[in-house]
Number of protein chains: 2
Amino acid sequence: MKRLKFIGHHKLDMKLAELLGYKEHTKLLIIHADDAGLSHSENMATIESLKHGVVNSYSIMINCPWSFEICQFAKQNPQFDYGIHLTLTCEWETYKFGSVLPSNQVPSLLDQNGFFYMRREQLVSNATLEDVEKELDAQIQRAFQLGLNPSHIDSHMYSVGSCPEFFKIYQDLGTKYQLPIMVSEQLMEMVGLNPKYYIKTGDLLIKKVHYGIFDYFKSQSLREYYSKVFEDLVSGLNLILIHPAYDTFEMKGITINHPNFGSEWRQIDFDSFTSDSCKEQLKKSDIELITWRDIRNVMYN
Amino acid sequence: MKRLKFIGHHKLDMKLAELLGYKEHTKLLIIHADDAGLSHSENMATIESLKHGVVNSYSIMINCPWSFEICQFAKQNPQFDYGIHLTLTCEWETYKFGSVLPSNQVPSLLDQNGFFYMRREQLVSNATLEDVEKELDAQIQRAFQLGLNPSHIDSHMYSVGSCPEFFKIYQDLGTKYQLPIMVSEQLMEMVGLNPKYYIKTGDLLIKKVHYGIFDYFKSQSLREYYSKVFEDLVSGLNLILIHPAYDTFEMKGITINHPNFGSEWRQIDFDSFTSDSCKEQLKKSDIELITWRDIRNVMYN
């Protein structure tokens with residue numbers, strides 16, 4: 001791989017292909033599994049998608065009940081790229097989790113039962129910046145404590161984009177730990193943050209994030225969307241975001257009354273990105289798969 | 001129900017039948033499901049065993065990932081008797097949990113990763129009495145905080161019997177919260193505590209605890225044991241201890257490399273105590289089913 005001299009992050013996204021040794025307008029792609037650590041079904045499907053599918057990066061909810069299992073896998077399988085899926089919300093009705101910090105240290109992040117709030121709006125109404133900063137920092141520290149070597153940080157429900165101050169905390173943590181953070185204008189807009197004002201010079205922008213939406217799921221066209229997603233790639237950095245899990249009793253229980261990113265949806269994610277046709281398509285394409293580790297090496301090595 | 005005047009706990013077990021309005025030598029029985037809250041499979045199987053099986057009492061691991069779900073059920077279904085399954089150990093390899101108290105408040109109970117130790121011996125070697133007392137008290141308080149009204153307290157892996165000092169803490173918590181505690185000479189002996197020295201005057205002794213052992217499971221005679229368990233009842237208070245759960249992907253994951261009280265075992269527990277033949281046997285028997293709530297009413301009302 002050809003290495004150009006890297007002189008600051010400004011416009012890094014424009015130069016990324018060349019810095020990684022590819023031609024200027026190459027379609028770069030990370031196929032990323034979110035939510036590892038959430039459950040056993042999520043862990044096992046993520047691992048299978050990495051081993052026998054086209055998924056090539058994932059991130060871990062370090063505060064979740066099944067994180068220990070996936071952390072053991074991560075340590076024993078350093079060939080697979082992984083990051084920390086910073087978490088400040090718990091969207092599920094009956095399956096609840098909260099902070100890695102003791103509840104008395106971050107009370108503003110927790111509801112009356114000691115769990116994360118379900119929605120970003122509740123988080124913003126209640127959380128102090130100090131608690132957000134402490135908890136997100138602690139999630140990264142927890143990963144190090146468990147012996148992990150994450151390549152990046154990203155955000156569950158993109159809650160770090162819930163308000164400008166959270167986003168700055170997120171940016172600062174990337175700098176502090178020398179880890180690339182996932183910055184996307186699309187996702188910022190989705191959660192109500194104006195990218196114009198809050199993207200920093202140092203941020204590496206994802207050119208296009210590809211993810212299923214609830215309308216596709218409801219109209220049973222999610223599989224079809226995925227089957228054509230490689231055709232939608234643009235030149236520069238693309239990110240496909242999925243949540244592979246098995247549609248088991250456990251996942252049905254976790255996602256009860258929540259079909260959006262629910263159990264059935266996650267099984268489709270798994271099926272689609274482990275299918276033979278998907279592998280074939282990718283092989284025939286002009287797409288270059290890269291990982292967050294490649295990006296980290298360019299940004300911080 | 002006839003009420004005799006209750007004048008202290010001494011020899012309560014001898015008088016229990018009469019205090020509850022039964023004849024002196026009646027075979028009293030509680031069919032009890034341990035480990036609710038452990039997982040979704042455990043919760044759902046426990047609920048089904050209560051609703052459509054013969055299980056008539058259960059206890060909740062309040063510190064576990066799925067406790068919120070079963071606590072909601074408990075609150076909405078006060079007709080079913082439940083207690084708190086005090087927990088100081090986590091026997092599983094990949095599925096880990098720890099204290100309800102912040103980890104920095106009970107460091108001696110937690111391993112290097114912040115989870116409970118797997119074995120009673122490790123607990124005894126590491127735990128301070130102060131931390132044990134604080135954590136067990138906090139588990140009961142947590143139940144109250146969640147709006148529960150438990151009828152009794154008992155102990156996961158009977159770890160409160162790991163040493164005499166733990167057992168005293170357990171006894172004192174029963175007195176403090178006016179909740180019956182589960183005291184069994186058999187279980188004390190199993191964990192290495194001499195009943196002669198550590199049973200208090202106030203303790204209500206279970207006359208006979210009936211539970212499957214690993215040899216039965218290995219020799220595939222666990223179902224048979226259960227099918228004849230009602231024949232083994234003695235006069236006085238009997239307790240059948242089971243762990244109903246569905247043998248799902250989740251439970252297989254939790255109990256990996258741990259067939260003793262593993263996923264397959266728990267499915268047998270569920271099957272056996274929801275079967276028609278079990279219900280028939282019980283109907284034809286001279287057994288009187290009672291609950292911990294009945295006992296609490298006699299002891300503390």
Region of B/M44 that comes under 4.5 Å of a non-hydrogen atom in chain A: side chain
CG on B/N104 to CG on A/N104, rounded to 0.5 Å: 6.5 Å
Specify whether A/F249 and B/H40 have parallel, tilted or perpendicular ring planes, treating 30° as the upper limit for parallel and 60° as the lower limit for perpendicular. tilted
Residue, of A/S41, A/S39, A/S103, that accumulates the most heavy atom pairs under 4.5 Å with chain B: A/S41
Does atom CD of B/Q145 have more than 12 heavy-atom neighbours from other groups under 6.0 Å away? yes
Test side-chain contact (heavy atoms from CB on, under 4.5 Å) on A/T248 and B/T248; report intermediate values, then the result. CA-CA 8 Å; A/T248 57; B/T248 57; over 6 Å; no
Counting heavy atoms not belonging to A/Q112, are there more than 12 under 6.0 Å from its CD? no
Toward chain A, the part of B/I254 with a non-hydrogen atom under 4.5 Å: both
The reported gap from CD in A/E69 to NZ in B/K96 (rounded to nearest 0.5 angstrom) is 11.5 Å
Positions in residues 77-95 of chain B that reach chain A, provided some heavy atom is under 4.5 Å away: B/E93, B/T94, B/Y95
Could you look at B/Q105 and say if it's the side chain, the backbone, both or neither that has a heavy atom under 4.5 Å from chain A? side chain
